[in-house]
> 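Please see the structure below; I have some questions.
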Amino acid sequence: MARQLELNPDRLFPSDPTMRGIARSLYAEISGLPIVSPHGHTDPTWFADNQNWTDATTLLLAPDHYVYRMLYSQGIALDDLAIPHRGGVPATDPRKAWRLFADNYRLFRGTPSRMWLDHVFADVFGIDVALEGATADLYFDTINEKLASEAFRPRALFDRFRIDFLATTEGPQDDLSAHHRIHRSGWGGRVVTTYRPDAVIDVEHENFAASMATFAEVTGEDVYSWTGYLAAHRKRRADFRAAGATATDHGHPTAQTANLSTVEAEALFAKVTKGAWTLDDAELFRAQMLTEMAAMSVEDGMVMQIHPGAFRNHNAGLFASHGRDKGADIPSRTDYVRALKPLLDRFGTSTELSIILFTLDESVYARELAPLAGHYPCLKLGPSWWFHDSPEGMRRFRETTTETAGFYNTVGFNDDTRAFLSIPARHDVARRVDCSFLARLVAEHRIEDWEAVELAHELTNGLVRKAYRIDTPLSAARAA
Amino acid sequence: MARQLELNPDRLFPSDPTMRGIARSLYAEISGLPIVSPHGHTDPTWFADNQNWTDATTLLLAPDHYVYRMLYSQGIALDDLAIPHRGGVPATDPRKAWRLFADNYRLFRGTPSRMWLDHVFADVFGIDVALEGATADLYFDTINEKLASEAFRPRALFDRFRIDFLATTEGPQDDLSAHHRIHRSGWGGRVVTTYRPDAVIDVEHENFAASMATFAEVTGEDVYSWTGYLAAHRKRRADFRAAGATATDHGHPTAQTANLSTVEAEALFAKVTKGAWTLDDAELFRAQMLTEMAAMSVEDGMVMQIHPGAFRNHNAGLFASHGRDKGADIPSRTDYVRALKPLLDRFGTSTELSIILFTLDESVYARELAPLAGHYPCLKLGPSWWFHDSPEGMRRFRETTTETAGFYNTVGFNDDTRAFLSIPARHDVARRVDCSFLARLVAEHRIEDWEAVELAHELTNGLVRKAYRIDTPLSAARAA
Amino acid sequence: MARQLELNPDRLFPSDPTMRGIARSLYAEISGLPIVSPHGHTDPTWFADNQNWTDATTLLLAPDHYVYRMLYSQGIALDDLAIPHRGGVPATDPRKAWRLFADNYRLFRGTPSRMWLDHVFADVFGIDVALEGATADLYFDTINEKLASEAFRPRALFDRFRIDFLATTEGPQDDLSAHHRIHRSGWGGRVVTTYRPDAVIDVEHENFAASMATFAEVTGEDVYSWTGYLAAHRKRRADFRAAGATATDHGHPTAQTANLSTVEAEALFAKVTKGAWTLDDAELFRAQMLTEMAAMSVEDGMVMQIHPGAFRNHNAGLFASHGRDKGADIPSRTDYVRALKPLLDRFGTSTELSIILFTLDESVYARELAPLAGHYPCLKLGPSWWFHDSPEGMRRFRETTTETAGFYNTVGFNDDTRAFLSIPARHDVARRVDCSFLARLVAEHRIEDWEAVELAHELTNGLVRKAYRIDTPLSAARAA
C-alpha cells in the first residue's frame with residue numbers, strides 16, 4: 001500500500017508549543033495574501049501563448065537543475081533523466097526518466113526541493129500518495145492528464161496561484177515580443193520583464209560577439225563605440241520599462257565595481273570589444289558597467305539587483321557535453337566591502353538609487369551586507385538566494401542580518417525560479433519561516449505581538465512592493 | 001491610547017519551559033551583581049565634573065551611531081537628527097530631531113538598539129508608554145526634566161547602576177586631567193583609563209603629524225627617533241597606569257603583527273615619520289608596533305586588547321561632510337592565524353603576557369580564534385563585539401567558541417559604549433544570553449546544574465576581573 | 001562527599017519534549033548498532049600484541065592533545081602533565097600529572113573532551129563519582145587496576161565496544177608488520193590500515209629525505225625518478241590493500257590540486273627531490289600528487305580522503321621544545337572551489353572515483369562543499385572534523401549541508417582518534433546529535449517519522465559502509 005502524502009498544516013513551525021502557537025497565528029494573518037514575485041526566470045511565452053504543458057518530465061524534471069544535480073551527484077546519468085545536452089534532447093522515454101526520478105526520491109530528504117515538490121504534487125495536482133518507485137506511473141499519468149486540462153494552462157494557474165506581480169528576466173538582445181503579446185492580449189495578469197544585460201557586458205561569455213551584434217541590430221546604435229554602447233543600453237532600458245520592468249539584474253562573478261574616468265572607460269571598452277583583453281580587463285569592464293548601470297538607474301529609477309558570486313560551469317566535462325546552467329554552478333567567497341566602494345564613492349549617499357544585494361556567501365551576512373545595508377541609503381538586502389533559499393538558509397539570513405540591518409532594509413522574498421508550478425510552494429516556505437522567526441522574537445519578548453503582525457505583513461507584501469517600486473511604475477520616458 | 005512599555009522579566013530566555021526555568025534560576029543568581037565594565041568609551045569629564053546632561057537628543061540620539069546609522073539607511077538626513085557635521089552642530093531643534101526619531105522607531109524592531117533603548121526608557125527614566133510619534137513629546141519632556149535633576153547626574157547614575165569598575169579610553173596625547181580630577185575629588189567611583197596609542201601609530205590617520213607633535217610635548221621625548229618614540233610610549237604607559245589603567249587597546253585595520261630587527265624597525269620608523277611611506281609601510285609599522293606593545297606589556301603587565309577588522313569611514317561622501325565615526329565603519333574579512341604569528345613567535349609561550357582578541361568577522365570564531373585561545377597561554381577571547389554585541393551575536397559566540405576554547409579562555413562582557421545610560425541594559429542582555437546558553441547545556445545534560453551556577457558567576461564577574469587584572473592593580477613604576 | 005558521575009540517558013537530546021521523544025525513539029533504533037570506524041589513528045601494535053596499557057596518565061592524558069592543549073592554554077606546563085618533549089618523557093610522576101589534570105577538570109566544561117572523558121570514566125571504567133582534585137587518586141588507582149586486567153586488554157575492549165571495522169593510518173615507509181601480525185593471529189577483529197603518503201609528498205616536512213630513503217628501500221623502486229616514484233606508490237598501495245586498506249588519506253595544508261603534463265610533472269619532481277625548491281614548488285608538487293593519487297584510485301578503487309586546512313605547528317617555541325602534534329595546529333581559511341578544479345577537470349565526471357572531503361573551515365559547508373558534493377558524482381562530504389567534531393559542530397554540519405547535498409552525499413561518522421577508549425563515546429555523541437537533528441526535521445514536519453528511522457540507520461551504518469567500500473574489499477592485485 002502506498003504511503004500517504006499530506007502537507008502538515010504546521011510544517012516548518014517550531015516544535016515548542018508557545019512558539020508554534022504564535023507562528024500559527026502570524027501565518028494565519030498572511031498566508032492568504034497574493035504572491036508578489038519580483039525576480040524569477042519563468043518563460044513569458046507561457047503567459048503569452050497560454051498553451052498546455054506536455055508532461056511531468058518535461059515540465060518538472062528536465063528543466064530543474066536543483067533536482068537533477070542531486071540525482072547526477074549520486075551517479076545517475078543525465079541522459080537517463082531526459083536532460084537536454086548540446087546535441088538536443090536525448091531519446092529517453094519521459095516515463096522511464098520519471099520512474100528513475102521516483103526510484104531515487106529519497107535522495108531529496110531534508111532538502112527544499114522535496115518540500116517544494118511535495119507541495120506541487122499535493123496542492124497543485126491533488127495527489128495523496130507519496131512519490132516512490134511504486135507510484136511513479138500513477139504520478140506520471142495523473143500529472144499529464146491534469147496538464148492537458150483547461151485548468152492547468154499557464155494563465156489559469158497564474159490566477160489560481162493568486163499571483164499579483166510576476167517578473168521574468170530577459171537580455172538586451174530580446175525583442176520582448178512575448179511580453180508585448182501578453183500586454184496586448186488584454187489578459188489581466190501582471191507579468192513584467194527585467195533588464196539583465198550580462199550578455200553584452202561579460203566579454204568572457206562565449207556568445208558575447210553574437211550578443212553584441214544583436215544588440216546593435218535591435219537598438220540601431222553604434223554599440224562598438226562607448227557612447228553608442230551606453231546609448232543602446234539607455235534605449236533598451238526604456239524598452240524594458242515600457243514592458244513593465246521596474247528593475248535590472250546583474251549576475252557577475254564578483255561584486256566588483258569601478259569608477260573610471262570617461263577616457264579610461266573608453267579605452268577599456270575599445271580593448272574588450274576588439275577582443276585583445278585579459279581576464280583582468282574583462283573583470284574591470286564588468287566592474288565599470290555596474291557603476292554605469294547605477295548611473296542610469298539614478299536617471300531612470302530602475303532598481304538594480306546584483307547577484308554575484310557564482311563560479312559558473314565548474315564541471316568542465318559536463319560543460320563540454322551539456323553546456324551552461326546544468327547544475328554545475330558553485331558559489332565562492334565573495335567580498336562586498338572593497339568591491340562596492342568605487343560605486344558607493346560615487347552614489348553612496350543617493351536616496352534615489354536603490355541597489356538590492358544578494359550573496360551566495362553567507363559569511364558576509366553579518367560581517368558585510370547587514371552593516372552596509374544598515375548604513376547606506378541606496379543599499380537593501382535581497383533575501384537568501386539559490387543554495388540558501390531554504391528553511392535553514394532563510395533562518396540564518398534573518399538571524400544574521402536583522403540585528404544590524406533591521407527588517408526594513410530587506411525586501412521580502414524572491415522565488416528566483418523557472419519552475420512556475422513551485423512558486424506558491426516557495427513563497428509558502430518563506431512565509432512559514434519568517435513567521436517562525438518572528439514567533440521566536442515574540443516568545444523571547446524581543447518584540448511585541450502586534451509588532452510581529454505588522455512585520456509579517458511587511459515581510460510578505462509591504463517591503464517587496466516598495467523595494468521593487470511596484471506600485472509606482474516608472475515612466476518609459478523618464479530617462480528622456 | 002499609547003501602547004504600554006514594560007520590560008518582560010523573561011525577555012531573552014528560551015521559550016521552552018525547561019530551559020526557561022533553568023535560565024531564570026541562573027539569572028536570579030547573578031542579576032544583582034555589580035557591573036564591571038573594562039572596555040568602553042564614556043567621557044571621563046562626566047565623572048570629573050558631574051554636570052547634568054542637557055537633553056534627550058544631545059545625550060541619547062546625536063552621539064549614538066548605532067541609532068542614527070539605521071535612520072540614515074532609510075533616507076533620513078543626519079542634519080534633521082541634529083547629528084554634528086564638520087561645520088559643527090546643525091541648527092536643528094532637538095525636539096524636532098527627537099520627533100523624527102520617534103516617528104521611525106519601528107525601524108529598530110529586532111535590533112539590540114531597541115532593547116537597550118527600551119531598557120533605558122523604562123528602567124532608567126521610568127517611562128511606561130512605548131516610544132512612537134504620539135509619545136515623542138512626552139518622552140522628550142520627561143527625559144529632559146529628569147536629566148536636570150540631582151539623581152541623574154553622572155556620579156549618581158554611576159552609583160545607581162552599581163558600577164564597580166569603569167574603563168574609558170584615551171590616546172597618548174591626552175593629559176588625563178579628567179581622570180586626575182576624578183581621583184583627586186575623593187569620589188569613590190572607580191573610573192580608570194585605557195592606553196590606546198593608535199593616533200601615534202597609524203600614519204594613515206589624517207592627524208598623525210599633529211598627534212606626534214603633542215606626543216613629543218607631553219612626554220618631553222624625542223619622539224622622532226625610534227628610541228625616543230619607544231621611550232615616550234613607556235612614559236605614557238606609566239602615566240596611564242598611574243591613572244588606574246590596567247590595559248591597552250589597539251584598533252588596527254588588520255591583526256597583522258611583525259617582528260623586525262631593531263635595525264629594520266628603525267629604518268621603517270624613519271620612513272613613516274618622514275612621510276615618504278607607502279600603504280605597505282604603514283601596515284608594517286602598525287604590525288611592528290603591536291609587537292613592541294606586547295614587549296612593553298611583558299615588562300609592565302598591562303593587558304593588550306586587539307580590536308581589528310573595521311574598514312573605517314567607508315562612505316566617502318559622508319566622511320567629507322561629517323568626518324569620522326559616523327556609523328560608516330564596515331567590518332571586513334580578518335585573518336588571525338597568519339597575522340599574529342610574528343608576535344606569537346616571539347611571545348607565544350609567555351604566561352606573563354595577556355592579549356585579548358576581538359573580531360568583527362564571526363567566521364573566525366570556530367576556525368581561528370577558539371583554536372588559538374584554546375592553545376596559547378597568552379591569548380584570550382574578547383566577547384562578541386560591536387555589530388555582534390547582540391543576542392544572536394552573543395549566542396553564536398558561545399556556540400562557536402566554547403567547545404574548543406572552553407569558558408575559561410573568555411573574559412566576560414564588554415559594553416564598549418559611549419552611551420553611559422545604556423550600560424546596565426547592555427550588561428543585562430549579556431547576562432540573560434549567557435544564562436540562556438548555560439540553560440541549554442544543563443537541559444541537554446552537557447553540564448551539571450551546579451556547574452552552570454559557577455559558570456554564571458564566572459561569566460559575569462570572575463573572568464573579567466582576572467583577565468583585566470582588576471584586583472591586582474599594576475604599579476605605575478613596574479616598568480622602571 | 002564527592003559529586004556523583006552519571007551519564008544521563010537523554011544527554012544531547014533537545015529540551016523540547018516533542019523533539020526529545022522523537023530523538024529518544026530514533027536513538028533506541030540505532031544505539032546498539034556496531035561501530036564502524038573508517039578513519040582513525042589508533043596504534044595497530046595494540047591489537048597485534050594485545051598487551052595491557054600501563055596507567056591512566058600514559059593512556060588518557062599524555063597522548064591526547066585535545067586535553068593538554070586546554071590545560072596548556074591556562075598556563076600549565078606540559079612537563080607537569082608528563083607530556084613527552086623532544087628529549088623524551090619528562091620525569092614527572094604520572095600520579096602527580098593526573099592530580100594536576102583533575103584539579104583543572106573544570107576547564108573542560110562545555111567541551112566535547114569533557115563528554116568523551118566522562119563517558120570513558122563512567123561507562124568503560126564504571127566510576128560513579130566526578131573527577132576533581134578530591135577524587136584524583138581514586139580515579140588513578142581504579143583506572144590503573146582495571147587497565148592491568150584481562151578485560152581491559154586491547155582486543156577484549158575492541159570486542160566489548162562492538163567494533164565492526166577499525167581503520168588505522170600508516171605511512172608509505174611503514175612495513176605494516178603490526179597489521180600482518182593481527183591478520184596472522186587468527187583474531188577475528190577487523191583492523192585495517194589506510195595509505196597516508198604525506199611523508200613522501202610534503203617536501204617541506206623536515207624528514208622528507210629520510211622518508212624517501214625508506215620508501216626506496218621498502219619498495220625497491222628508483223623513487224628518485226618520476227616513473228619509479230609513481231611505481232613505488234602503486235606498489236605500496238597494493239601492499240596496503242593487501243593489509244585490508246580501502247582508502248587513502250591526504251593531510252595537506254590546502255586542498256590545491258594541479259593537472260600538469262607528464263613533462264612538467266617530471267621537471268617539478270626533479271626540482272623538489274633535488275632540494276632546490278621554493279615554497280610554491282612544494283605546494284605545486286602536493287597539488288599534482290593529489291591528482292596522481294586520484295588517477296591511481298581510478299585504477300585500484302581506493303577511496304581518497306582529503307583533510308586540508310591545518311596550519312601545523314603554529315607555536316614556534318613549542319615546536320622547538322616538543323616537536324610535532326602537540327596541540328598547536330590551527331585551522332585556517334580553505335578554498336575548495338578553485339583548488340579542486342584541476343583534479344575535477346580531469347576526473348570530475350567519473351562515477352568510479354570517490355573522494356571524501358573534510359574541512360576545518362565551516363564557512364565552506366554551505367558555500368562550497370555542499371554544492372560540490374551535491375553535484376559531482378565523485379565527491380562526498382566527510383563528517384565535521386577535529387575542532388568541529390563536537391555537538392555544536394555536528395549540528396552546524398547537518399544544518400548547513402543537508403539542504404544542498406542531502407544526507408546521501410555524506411558518509412557517516414569518523415572518530416579520527418588515537419584515544420581508543422573514547423571511540424564508543426565519540427560514536428555515541430554523533431548518533432545522539434544526528435538523532436536530534438532528525439527529530440527536529442520530524443517535529444517540524446519536514447520529513448516523515450519512518451524516513452527518519454531509515455536515515456538514522458543510514459547515518460550510523462549504511463552510508464559509511466558504502467562510502468568506504470567496506471563490504472566489497474578491493475583486490476590487492478586490482479591495479480595490476
Side-chain angles (χ1 to χ4, degrees), chain B residues 14-20 22 333 335-338 340-341 344-351 362-368 370-380 398-400 402-409 437-448 450-452 454-455 458, chain C residues 3-4 7-17 20 65-66 69-70 72-77 104 106-115 130 309 311 314-318 321 326-334 359-363 386-393 395-396 432 436:
Chain B
S15 177
D16 171 71
T18 304
M19 290 200 281
R20 179 163 289 190
I22 302 169
R333 218 185 280 150
D335 160 72
Y336 294 82
V337 174
R338 280 167 184 75
L340 294 175
K341 186 133 176 42
L344 292 170
D345 281 350
R346 192 158 153 201
F347 298 113
T349 58
S350 168
T351 52
E362 292 182 318
S363 73
V364 307
Y365 282 156
R367 186 181 64 215
E368 304 181 24
L372 286 165
H375 168 72
Y376 280 102
C378 62
L379 298 181
K380 296 279 173 287
R398 291 287 176 211
E399 288 180 0
T400 54
T402 305
E403 294 183 319
T404 292
F407 289 105
Y408 292 85
N409 283 308
F437 180 70
L438 292 171
R440 183 155 78 85
L441 296 193
V442 173
E444 297 178 358
H445 307 290
R446 293 155 73 174
I447 56 173
E448 303 294 327
W450 62 270
E451 292 181 301
E454 271 189 37
L455 285 165
E458 287 289 354
Chain C
R3 299 204 180 257
Q4 207 183 348
L7 304 181
N8 192 294
D10 284 334
R11 64 194 182 279
L12 290 173
F13 295 155
S15 176
D16 171 71
R20 179 163 289 189
H65 58 69
Y66 282 70
R69 81 193 313 272
M70 179 67 89
Y72 177 77
S73 79
Q74 289 277 315
I76 295 172
N104 288 281
R106 74 186 174 289
L107 299 178
F108 297 95
R109 287 171 181 164
T111 72
S113 293
R114 157 70 182 274
M115 297 207 79
F311 189 123
H314 191 274
N315 185 332
L318 193 73
S321 60
K326 287 294 177 293
D329 298 341
I330 309 290
S332 65
R333 218 185 279 150
T334 311
T359 195
L360 295 175
D361 178 357
E362 292 183 317
S363 72
W386 199 346
F387 296 95
H388 313 300
D389 171 19
S390 57
E392 300 297 322
R395 179 177 58 80
R396 286 195 295 271
R432 289 173 179 276
S436 298

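Proteins get letters first, then strands, A, B, ... in listed order; numbering begins at 1 in each.
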> Measure the spacing between OH of B:Tyr376 and CD1 of C:Ile330 and express it to the nearest 0.5 Å.
6.5 Å
> Can you tell me which portion of B:Ala452 sits under 4.5 Å from chain C's heavy atoms? Options are side chain, backbone, both or neither.
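Neither part; nothing is under 4.5 Å.
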> Hey, are the side chains of C:Arg3 and B:Glu448 touching, using non-hydrogen atoms and a 4.5 Å cut-off?
no
> With a 4.5 Å cut-off on heavy-atom pairs, point out which of B:Thr351, B:Leu379, B:Thr404, B:Leu455 contacts chain C the most.
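Between B:Thr351, B:Leu379, B:Thr404, B:Leu455, the count favours B:Thr404.
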> Could you check whether C:Glu392 pairs with B:Arg446 (Lys NZ or Arg NE/NH1/NH2 to Asp/Glu carboxylate O, under 4.0 Å)?
yes
> Check side-chain contact (heavy atoms from CB on, under 4.5 Å) between B:Ser15 and all other residues, then give those that pass, not counting sequence neighbours.
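Here the qualifying residues are A:Asp16, A:Thr18, A:Met19, A:Ala443.
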> Quick one: which of B:Glu444, B:Lys380, B:Glu403 has the most heavy-atom pairs under 4.5 Å with chain C, could you say?
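So the answer, after comparing B:Glu444, B:Lys380, B:Glu403, is B:Glu403.
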> With only heavy atoms counted, which part of B:Glu454 is less than 4.5 Å from chain C, the side chain, the backbone, both or neither?
side chain
> For B:Ala439, is it the side chain, the backbone, both, or neither that has a heavy atom closer than 4.5 Å to a heavy atom of chain C?
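It is neither, since no heavy atom gets under 4.5 Å.
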> Please state whether the side chain, the backbone, both or neither of C:Met70 comes within less than 4.5 Å of a heavy atom of chain B.
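Contact with chain B: backbone and side chain both.
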> Going by heavy atoms in the side chains, are C:His314 and B:Leu372 under 4.5 Å from each other?
yes
> Could you look at C:Leu107 and say if it's the side chain, the backbone, both or neither that has a heavy atom under 4.5 Å from chain B?
both
> Looking at B:Glu368, B:Glu451, B:Arg346, which has the largest count of heavy-atom pairs under 4.5 Å with chain C?
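Looking at each of B:Glu368, B:Glu451, B:Arg346 in turn, B:Glu451 comes out on top.
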> Quick check: closest heavy atoms across C:Gly110 and B:Leu441, and the distance to 0.1 Å?
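Residues C:Gly110 and B:Leu441, closest heavy atoms: CA-CD1, 4.3 Å.
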> Please classify the contact between C:His65 and chain B as side chain, backbone, both or neither, with a heavy-atom cut-off of under 4.5 Å.
neither
> What part of C:Pro391 is in contact with chain B, defined as an atom under 4.5 angstrom from a non-hydrogen atom: side chain, backbone, both or neither?
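Contact with chain B is through both the backbone and side chain of C:Pro391.
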> Under a 4.5 Å cutoff for heavy-atom pairs, which residue among C:Ser113, C:Pro112, C:Gly317, C:Ser321 has the most contacts with chain B?
C:Pro112
> If I measure from the heavy atoms of chain B, does C:Arg395 come under 4.5 Å with its side chain, its backbone, both, or neither?
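Just its side chain gets close to chain B.
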> May I ask you to test the C:Thr359-B:Arg367 pair for a side-chain heavy-atom distance under 4.5 Å?
no
> Find the one option among C:Met115, C:Arg11, C:Lys326, C:Arg432 whose heavy-atom pairs under 4.5 Å with chain B are most numerous.
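The candidate making the most pairs under 4.5 Å is C:Arg11.
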> Given a strict heavy-atom distance threshold of 4.5 Å, which part of C:Glu362 is in contact with chain B: side chain, backbone, both, or neither?
side chain
> Picking from B:Pro377, B:Pro17, B:Ala373, B:Ala370, which has the most non-hydrogen pairs under 4.5 angstrom with chain C?
B:Pro377
> Relative to chain C, which segment of B:Arg440 carries a heavy atom at a distance below 4.5 Å: side chain, backbone, both, or neither?
side chain
> If you count heavy-atom pairs within less than 4.5 Å of chain B, which of C:Ser390, C:Ser363, C:Gly75 leads?
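Among the listed options, the one with the most contacts to chain B is C:Ser390.
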> Using modelled atom types only, decide if a donor and an acceptor are shared between the side chain of B:His375 and the backbone of C:Arg69 within a distance under 3.5 Å.
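Between the backbone of C:Arg69 and the side chain of B:His375 there is no qualifying donor-acceptor contact (under 3.5 Å).
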> Mind ranking B:Leu344, B:Asn409, B:Leu340 by heavy-atom pairs under 4.5 Å with chain C and telling me who comes out on top?
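Among the listed options, the one with the most contacts to chain C is B:Asn409.
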> Considering only heavy atoms, which portion of C:Tyr72 lies under 4.5 Å from any heavy atom of chain B: side chain, backbone, both, or neither?
both
> Are any non-hydrogen side-chain atoms of C:Asn315 and B:Thr349 less than 4.5 angstrom apart?
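In contact.
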> Within a strict 4.5 Å, meaning less than it, do heavy atoms of the B:Glu458 and C:Arg109 side chains meet?
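Side chain of B:Glu458 against side chain of C:Arg109, heavy atoms only: no contact under 4.5 Å found.
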